Every structure is written in structure tokens, then in C-alpha cells.
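Have a look at the structure below before the remarks.
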Amino acid sequence: MKYLLLFPCLFIVNYNLVAQSKDLTNFIASYASQHEFNGTILIKKDSKVTYHQSFGVAERSFNSPVKNNTAYQICSITKTFTAVLILQLMEQGKINLDNKINTYLPSYKGEGGSKVSIHQLLNHTSGMKNTDTATDANFMRYGIGFYHKPYTLEEIVNNFCSNPLVNEPGKKFDYNNGEYMILGRILEVIYKKPYEQILEEQILIPLGMNDSGIINHYKLIANLATPYYKGKNFELIPNLPMYVEDFSAAGAMYSCTADLIKFNDALFNLQLIKEQALNQLLTPGLDDYGYSVWIRDHKGSNSKYKRMERYGRIQGANCVWFHYLNRNVSIIILSNTNLTDLGDFALKIGKEVF
């Protein structure tokens, strides 16, 4: 009799799981419709992908639909790949995070060369004048800064990321793409290879991330969605012309949800860096920022929802990656428009999952 009693319990558990799945699916479909979401969503809990669906159009000229294997610009998610590459070198004894920029870039001419540490580049506390002058408010009037011409990473660092200090290093958080371009150039100097090759050899190829890489104006990328941008005074349009590869180690990657979950799993399963280095990456500092990521709800009663957050946006290209550190839940949302607040979407999905 005691064995027979197990079956109703199993039935109840399975029924609840099915009900939760339907509720989540219905919530996502409703939110996507109400907020004009266009893109792909992947949710993984423990070892199982529990949701993977796409919405909308990848190329509006041909009305081609988004699919689960559609690739997107992933913008500043690139920074986490760069941070991991730096931490790998730290583990090999080739970089000390307390050393200054000039230790690894002797030719660096910026004021911060002898004052700014690798640690401060990683957590955006270098104190350097910000390189990011192009904002939503002036895209249409002034363009998008130096991204209108192609440059090597060395040229970008020399010409645009060697600015004077405006704050004492380590004292103020100021999100700055230039800091990660300097990190990318340090990688190139140590490896004696281009950043793209380093990324492929150290992460993409070992993990089988075959649909990921660095965007290049002269390279045709299969299944890459066209980004569309909407401002206050005009309709949805393709992104303004730019050389996306100029974002380099700070934001030039493309990927798809299936590839990014491979990176997510490898990172948190300690396949890319060891536990001590991962803990450094995830330790919140100023603005709750670690190395390339924010750490939210790490204090107080909400700490059970402690999560890593990484956002990316370049005009219409839009993405978010959450990993709940105490729940082993990952949410990846990639989009090719700026119509939807993906941070709000991911937070609400997290509440539905729990």
C-alpha cells in the first residue's frame, strides 16, 4: 500500500510543473505582445532548458521571421568575455590585477597609464574621461562618434581611450567602453594575436560556440538579425551606419541564445575560470558592479534572489542576461529593437519562474 500512495504525489508534482509552465508561457506571450517584443528568449533552470521561443521579424524588408537560431548583436555582453579572458591570464600568472596599465602597455600615453590598475578597468572605476559621447539624445543629430570609420583596436586605444583623468582612480563608478578596449588591447599585446583570434581560441571554439564571433563590416554572418532603432520623432528605422567592430572588446560580438547558454554554463560550472576568479568577477563594488556585471539583491531579505545582470544596447540592438546565483536559473533575452525594456521583462520572468 505504501508504494501505491506514491503515485498520487507524483501526479500532483507533475501537474504543478505543467501548470507553472503554462503560466510562464502565457505570461511571456502576453508581455511580448503588449510591449512589442521582437527577439528570442531562453530560460534554463538547473540542467534543463525550460523555455526557448522567438517572436517577431529578423529582417523587416523581407518580413523574415525570428527563429531560435537567429543571431544578434550582443553588444556589452562582450565585456564579460573580455573579463574572463583577463582572469584566465591572471590565473596563469601573466597579469596582476593590481598592476597599472603601463605594465602591459608601455606605449600607452594616457594620464592613467601609471595610475590606473587592471582591477579599476574591469570595474569601471578608472577615473578616465568617458569615451562614450554618443547617446540616444544626439544619435540623429551628431551620429555615433568615431564609430563612423574603421580602426584597429590599437588605433582606438591610442586615439580615443587615452583621455585625461577626471576622477581619482577607484573612487567613482563611471561606465566607460574605453576601459574594456584598453583591456582588449592588453590581451592582444600579451597573446601577440588579434582580440578576435584570442576570443575564438580561448572560449568560442572550446565551447562549440559556432554561431558567435566578432562582427565585421566585411564579413557576411549567417542568420544575423538587422537591428532597428526608434527615437522620439521618427519611426522604427535600421540602425545608423557604423562600424560595429570598432566596439571591439567592449561590444562587438554577435551570438545566439543557444551559444550564450553554453558560455553561461561553462562560466558557472568553472570550465573557463576557477572558483576564486569567478568570485572576483561576481563581487559587487561601486554601483553593485563586479567585473563586467552587476550583482543585484545581494543584501537583506531579497538575497535569495541574488543575481548577476548583464545588459547590452547599441541603438536598436538590445539584450539582457540574468543568472540567479542562489537558484541556478538563467534568463537570456536577445532583441533587434529598442522597443522593449528587457530588464523589466527579465525581472518579471524571474518572478514567474520562482
Side-chain angles (χ1 to χ4, degrees), residues 39-40 57-62 64 66-67 69-82 85 131-134 139 142-161 177-178 180-189 191-229 237-260 263 312-319 334-338:
T40 303
V57 179
E59 171 54 68
R60 291 174 183 258
S61 298
F62 297 95
S64 54
V66 172
K67 300 179 181 179
N69 67 341
T70 294
Y72 301 83
Q73 292 182 29
I74 62 168
C75 312
S76 285
I77 289 178
T78 306
K79 290 182 174 69
T80 304
F81 287 80
T82 300
L85 290 170
T131 62
D132 306 325
T133 57
F139 275 152
Y142 304 113
I144 191 166
F146 64 80
Y147 302 100
H148 281 309
K149 294 182 180 180
Y151 297 96
T152 66
L153 186 50
E154 182 178 10
E155 290 171 333
I156 290 171
V157 169
N158 289 340
N159 296 327
F160 308 109
C161 304
N177 280 325
Y180 272 74
M181 291 173 178
I182 295 170
L183 290 169
R185 181 58 188 152
I186 288 172
L187 287 165
E188 290 188 334
V189 169
Y191 275 102
K192 297 181 173 57
K193 297 176 182 179
Y195 176 82
E196 181 174 13
Q197 185 178 349
I198 299 164
L199 175 69
E200 290 174 351
E201 292 178 354
Q202 297 300 122
I203 298 178
L204 302 185
I205 293 174
L207 296 184
M209 296 178 65
N210 300 320
D211 296 309
S212 303
I214 294 293
I215 292 174
N216 189 292
H217 188 73
Y218 306 103
K219 180 169 60 178
L220 182 63
I221 299 170
N223 301 316
L224 182 65
T226 299
Y228 296 91
Y229 174 74
I237 62 171
N239 273 5
L240 297 180
M242 73 179 100
Y243 286 87
V244 177
E245 58 264 42
D246 284 349
F247 284 94
S248 190
M253 283 185 68
Y254 69 91
S255 191
C256 62
T257 48
D259 269 9
L260 282 179
F263 179 66
R313 186 158 71 99
I314 300 174
Q315 295 184 52
N318 198 5
C319 54
L334 306 181
S335 178
N336 63 332
T337 79
N338 65 327

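Heavy-atom basis, side chains included; hydrogens, waters and symmetry copies ignored. From a predicted model like this one, the values you see are computed outputs, not experimental measurements. Positions are given from 1 along the sequence.
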Flag, side chain of Asn336 to backbone of Thr226, donor-acceptor distance under 3.5 Å:
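Side chain of Asn336 to backbone of Thr226: a pair is present.
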
Are the side chain of Ser335 and the backbone of Thr337 linked by a donor-acceptor contact shorter than 3.5 Å?
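Such a contact is found between Ser335 side chain and Thr337 backbone.
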
Over all heavy atoms of both residues, which pair between [X] and [Y] is shortest? Give the atoms and the distance, please.
{"X": "Pro206", "Y": "Glu200", "value": "CD-O, 3.6 Å"}
{"X": "Gly184", "Y": "Ala249", "value": "CA-CB, 3.6 Å"}
{"X": "Thr70", "Y": "Ala225", "value": "CG2-CB, 3.8 Å"}
{"X": "Ala317", "Y": "Cys75", "value": "CB-SG, 3.6 Å"}
{"X": "Cys256", "Y": "Asn69", "value": "CB-O, 4.2 Å"}
{"X": "Met181", "Y": "Ala250", "value": "CG-CB, 4.1 Å"}

Hey, are the side chains of [X] and [Y] touching, using non-hydrogen atoms and a 4.5 Å cut-off?
{"X": "Ser255", "Y": "Met209", "answer": "yes"}
{"X": "Tyr191", "Y": "Gln197", "answer": "no"}
{"X": "Asn239", "Y": "Val244", "answer": "no"}
{"X": "Asn159", "Y": "Phe146", "answer": "no"}
{"X": "Leu85", "Y": "Ile198", "answer": "yes"}
{"X": "Glu188", "Y": "Pro194", "answer": "yes"}
{"X": "His217", "Y": "Pro150", "answer": "no"}
{"X": "Asn177", "Y": "Lys79", "answer": "yes"}

Determine, step by step, whether Asn338 and Gln315 satisfy the side chain to side chain contact (heavy atoms under 4.5 Å, CB included) criterion, reporting the C-alpha distance in whole Å, the side-chain angles of both residues, the deciding distance to 0.1 Å, and the verdict.
CA-CA 7 Å; Asn338 65 327; Gln315 295 184 52; over 6 Å; no

Roughly how far, to the nearest 0.5 Å, is the [atom2] atom of [Y] from the [atom1] atom of [X]?
{"X": "Cys319", "Y": "Ile314", "atom1": "SG", "atom2": "CD1", "answer": "8.5 Å"}
{"X": "Arg185", "Y": "Asn158", "atom1": "CZ", "atom2": "CG", "answer": "7.5 Å"}
{"X": "Leu240", "Y": "Tyr147", "atom1": "CG", "atom2": "OH", "answer": "14.0 Å"}
{"X": "Tyr195", "Y": "Leu183", "atom1": "OH", "atom2": "CG", "answer": "9.5 Å"}
{"X": "Leu334", "Y": "Asp259", "atom1": "CG", "atom2": "CG", "answer": "10.5 Å"}
{"X": "Gln73", "Y": "Thr78", "atom1": "CD", "atom2": "OG1", "answer": "9.5 Å"}

Evaluate whether atom NZ of Lys219 has more than 12 neighbouring non-hydrogen atoms of other residues, nucleotides or ligands under 6.0 angstrom away.
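For Lys219, atom NZ is crowded (more than 12 foreign heavy atoms under 6.0 Å).
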
Do Tyr72 and Thr40 have side-chain atoms, one donor and one acceptor, less than 3.5 Å apart?
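Tyr72 vs Thr40: donor-acceptor pair found between side chains.
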
Between Ile203 and Phe263, does the side chain to side chain contact (heavy atoms under 4.5 Å, CB included) criterion hold? Intermediate values first, please.
CA-CA 8 Å; Ile203 298 178; Phe263 179 66; 4.0 Å; yes

Stepwise side chain to side chain contact (heavy atoms under 4.5 Å, CB included) test for Asp246 and Phe160:
CA-CA 11 Å; Asp246 284 349; Phe160 308 109; over 6 Å; no

Determine the interplanar angle of the Tyr243 and Tyr218 rings, folded into 0 to 90°, and report it as parallel if under 30°, tilted if 30 to 60°, perpendicular if over 60°.
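Tilted, since the angle between the ring planes falls between 30° and 60°.
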
Passing candidate, side chain to side chain contact (heavy atoms under 4.5 Å, CB included) with Met253, options Thr82, Leu199, Ile215, Thr80
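Between Met253 and the candidates, side chain to side chain contact (heavy atoms under 4.5 Å, CB included) is satisfied uniquely by Leu199.
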
Step by step, work out the side chain to side chain contact (heavy atoms under 4.5 Å, CB included) result for Asn223 and Asp211.
CA-CA 9 Å; Asn223 301 316; Asp211 296 309; 5.6 Å; no

Quick test of your reading of the model: are Glu155 and Lys149 salt-bridged, counting only N-O distances below 4.0 Å?
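Looking at Lys149 together with Glu155, the answer is no, because their closest N to O distance does not fall below 4.0 Å.
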
